[in-house]
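Structure record follows, encoded as structure tokens.
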Amino acid sequence: MCGIIGISSNKSVSVSIINSLKKLEYRGYDSAGIATLFDGEITEVKSEGRVNVLEENFDLKNLKGNIGIGHVRWATHGAPNSINAHPHSSDNVSVVHNGIIENSTILKKYLTSKGHIFKSQTDTEVIVHLITENLKTDELDLAITKTLKQLHGSFALGIIFKDSPNLIVGARRGSPLAVGYGPNENYLGSDSYALKAMTNKITYLDDGEFCIIRNDQVLFFNEDGKKINKKIMELSSDESSYEKGEFKHFMAKEIEEQPTTIKTGIKEYIDKTNLDINIYNFPWKVDEINSITLIGCGTAYHSCLMAKYWFENLTQLDVNIDIASEFRYRKNRFKKDSLYIFVSQSGETADTYAALDLCNRNKMKTCAVVNVIESSIARDSNFVLPIHCGPEIGVASTKAFLGQILILYILALKFGDLRKETNKENYKNKIKGLLNLPSLIEKSLLMDNDIQAISSTFNEAKGSMFLGRGFSYPIALEGALKLKELSYVHAEGYPAGEMKHGPLALIEDGMPVVVLAPRDSYYKKTISNMQEVIARGAKVLLITNKSKDEIISENIWETIEVENTNDDLLPFLLTIPLQKLAYYSALQKGYDIDKPRNLAKSVTVE
Ligand code: AGP
């Protein structure tokens, strides 16, 4: 939820820190700050708002120091203002933090009794004073080990010390943290994206570990302060993903990249010659698995719901889904023959990771469907199915959603084939249909003008509904989420058949209602539901697929027809206009499309 950077160098670091913070803003952008150490003094500058506000308020280029830390914040404790912005510093320690310290209240009481003065309402500030207190009696590494053990909750930390002028300490528990290696300098960062501009050599800390970084040396330690060795990973140098190119926003670029996303997924998993699916090194025999539980948050949860329909359609498996923040506290009945699948673009979502950790502690079979293969969820699952869609920078997920449902569809197909619950001809025909999906998506992307024209209606309304049945229901939820998180208007995804059980009361004259009614087996029923809302004054945007058959209804406000394909694949195409609707609604309002208010790309706190 926040972004951290630290640099220990043989030259001034302020400009590099600021540049890295700009790359980290997708993780949080309520406030920003930097602290450097020069000539025995810590200088801390911070302000509310984006990194460019910090640059306007301070002459950062001339901020001296070859060692420093920086932070972009998504507020958890304390309002987003300059007092609560990180870094937080005492006379001889400065700290940046991502996570939540759950025992901060009791620690604050103890430290106040020791004479420490607190300036902010944040939980983070207790870390500063706790280290300062422990340094009164212990050497640095002991003070660090002791402090980390006294902290309850989650953290990724970057710490600098007045009395240790050439080092930065990093520590990780529950929030991601990486070390990068450069020429005569070394780095600390929340993720590889922050470090990619400076290095492609990365080491990820695991929970409980801490590190000491100098410009010419990096040391790693376990939670008991014992030195450990860690491997260095080389990252792919695909820089293009990190640039908008000719697009106005990352989200616009990532919507248009979706044909490529699908092509890459097909290349990775489909044997086109034999019309078969290759999932290498799957660690279990398929007959060891009789039920599947899919878990995720937000858009990733919608992917789980979509997968449930496909798995139930293609196999006889018992399929459950859950929202990660619910699953982690539920009285779960863990079953040895169940496979737990964790869906996450970032692979760092705290609730999803906690759900995985719970399953690992119960020795369950765990599989991650992620985009970031070096992420915590990937590293701590028994098996990983990467979605290979390249870095997704826009906070609102688009190509990662299509990547997730593609991999889950492929997995459902493979299970159906291996369990002999999908006949071979059907299996191969479905794979053949998949091969055609990228070009169908390309065609479905060509509808900007239609969408732009109708987006204002959604902006002017006090709310809207997104309705679908069966395969279209998860897409209705996803479409509503996109509109909510981008244009800040209320939108509700709902099962079309459920409207008459209450929400129909919401319908009033002129209310925009999106009805997803592809010509699949649910079509006639959904059209009936559509007529129910039209009869009560709704302005219906019907999204269906091209067909020679006339649409069996009138008084429809607007109709969008996506390309035709088999029922399984229609959800991919129905998603496209909904992504564009949300995008153009936000564009019309002039909102920050890649960084919507109050949100962050990776929610690494619960
Ligand atoms: C989607 O547009 C949102 N940004 C959000 O719902 C996101 O899908 C959710 O936070 C899960 O993130 P993850 O896929 O990285 O776990």
Side-chain angles (χ1 to χ4, degrees), residues 1 25-29 74 174-176 190-191 193 249-252 254-255 258 261 294-307 321-328 341-357 368-381 384-387 389-408 466 474-475 477-488 491 493 575 578-583 585-586 591-606:
M1 198 77 97
E25 276 196 309
Y26 75 101
R27 297 177 64 88
Y29 29 86
W74 186 89
S175 297
S190 292
D191 57 28
Y193 181 42
H249 301 101
F250 278 109
M251 183 182 174
E254 287 151 8
I255 288 173
Q258 293 181 115
T261 298
L294 297 121
I295 297 161
C297 299
T299 288
Y301 171 71
H302 298 155
S303 301
C304 297
L305 180 57
M306 188 70 250
I321 56 172
D322 211 346
I323 290 170
S325 54
E326 291 298 311
F327 179 85
R328 64 183 290 189
I341 299 176
F342 300 87
V343 183
S344 174
Q345 187 287 129
S346 64
E348 297 298 348
T349 297
D351 286 321
T352 311
Y353 184 75
L356 166 64
D357 184 48
V369 173
V370 296
N371 192 30
V372 182
I373 53 174
E374 62 266 9
S375 62
S376 308
I377 290 172
R379 289 210 311 275
D380 291 354
S381 294
V384 182
L385 286 168
I387 67 172
C389 73
E392 184 179 68
I393 309 306
V395 166
S397 192
T398 49
K399 64 176 182 176
F401 174 63
L402 251 53
Q404 286 163 4
I405 62 174
L406 173 71
I407 302 319
L408 290 166
F466 288 64
I475 309 306
L477 295 180
E478 176 58 14
L481 175 64
K482 287 282 121 7
L483 188 62
K484 273 187 279 230
E485 66 178 323
L486 284 157
S487 63
Y488 316 158
T575 302
L578 301 183
Q579 293 171 338
K580 288 192 175 265
L581 174 63
Y583 176 79
S585 299
Y591 289 163
D592 189 328
I593 287 172
D594 288 330
K595 300 188 190 80
R597 71 181 179 191
N598 305 340
L599 300 182
K601 184 62 183 172
S602 180
V603 184
T604 55
V605 289
E606 69 169 295

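None of these values were measured; they are calculated from a predicted model. Counting starts at 1 for both ligands and their atoms, in listed order.
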### Task
Examine ligand 1 and decide if any of its atoms is less than 4.0 Å from a heavy atom belonging to Ser602.
no
### Task
Name all residues meeting the ring-ring contact (aromatic ring centres under 6.0 Å, His included) criterion together with Tyr353; count only those two or more places apart in sequence or in a different chain, and write none if there are none.
none
### Query
Is the backbone N or O of Pro596 less than 3.5 Å from a side-chain atom of Glu485, with the two atoms forming a donor-acceptor pair by type?
no
### ligand 1 N/O within reach of Gln345 N/O, cut-off under 3.5 Å
yes
### Query
What's the shortest distance from atom 15 (O) of ligand 1 to any protein heavy atom, and which residue and atom give it?
Ser346 OG, 2.7 Å
### Task
For atom 2 (O) of ligand 1, grab the closest protein heavy atom and report residue, atom and distance to one decimal in Å.
Glu485 OE2, 2.4 Å
### Task
For Gly298, counting its heavy atoms only, list the atoms of ligand 1 lying under 4.0 Å from any of them.
6 (O)
### Query
Going by distance only, is there an N or O of Val395 that falls short of 3.5 Å from an N or O of ligand 1?
yes
### Query
Which residue owns the protein heavy atom closest to atom 10 (O) of ligand 1, what's the atom, and how far is it?
Val603 CG2, 4.0 Å
### Message
Contact between ligand 1 and Lys482 is defined here as a heavy atom of the residue under 4.0 Å from a ligand atom; is it met?
### Response
yes
### Message
Is there a polar contact between ligand 1 and Thr299, counting only N or O atoms under 3.5 Å apart?
### Response
yes
### Query
Of all the atoms in ligand 1, which lie at a distance below 4.0 Å from a heavy atom belonging to Ser397?
1 (C), 2 (O)
#### Entry: Leu481/His302 under side-chain contact (heavy atoms from CB on, under 4.5 Å): CA gap, chis, key distance, verdict
CA-CA 10 Å; Leu481 175 64; His302 298 155; 3.8 Å; yes
### Query
In terms of side-chain heavy atoms, does Thr398 have a donor or acceptor partner in Gln258 at a distance below 3.5 Å?
no
### Task
Show which atoms of ligand 1 fall inside a sub-4.0 Å distance from at least one heavy-atom site of Ala396.
2 (O)
### Message
Quick check on Leu305: does its CG atom have over 12 non-hydrogen neighbours (other residues, nucleotides or ligands) under 6.0 Å away?
### Response
yes
### Message
Using a 4.0 Å cut-off to any heavy atom of Cys297, which atoms of ligand 1 qualify?
### Response
8 (O), 9 (C), 11 (C)
### Query
Which residue from Val370, Thr349, Val343 reaches closest to atom 16 (O) of ligand 1 through any of its heavy atoms?
Thr349
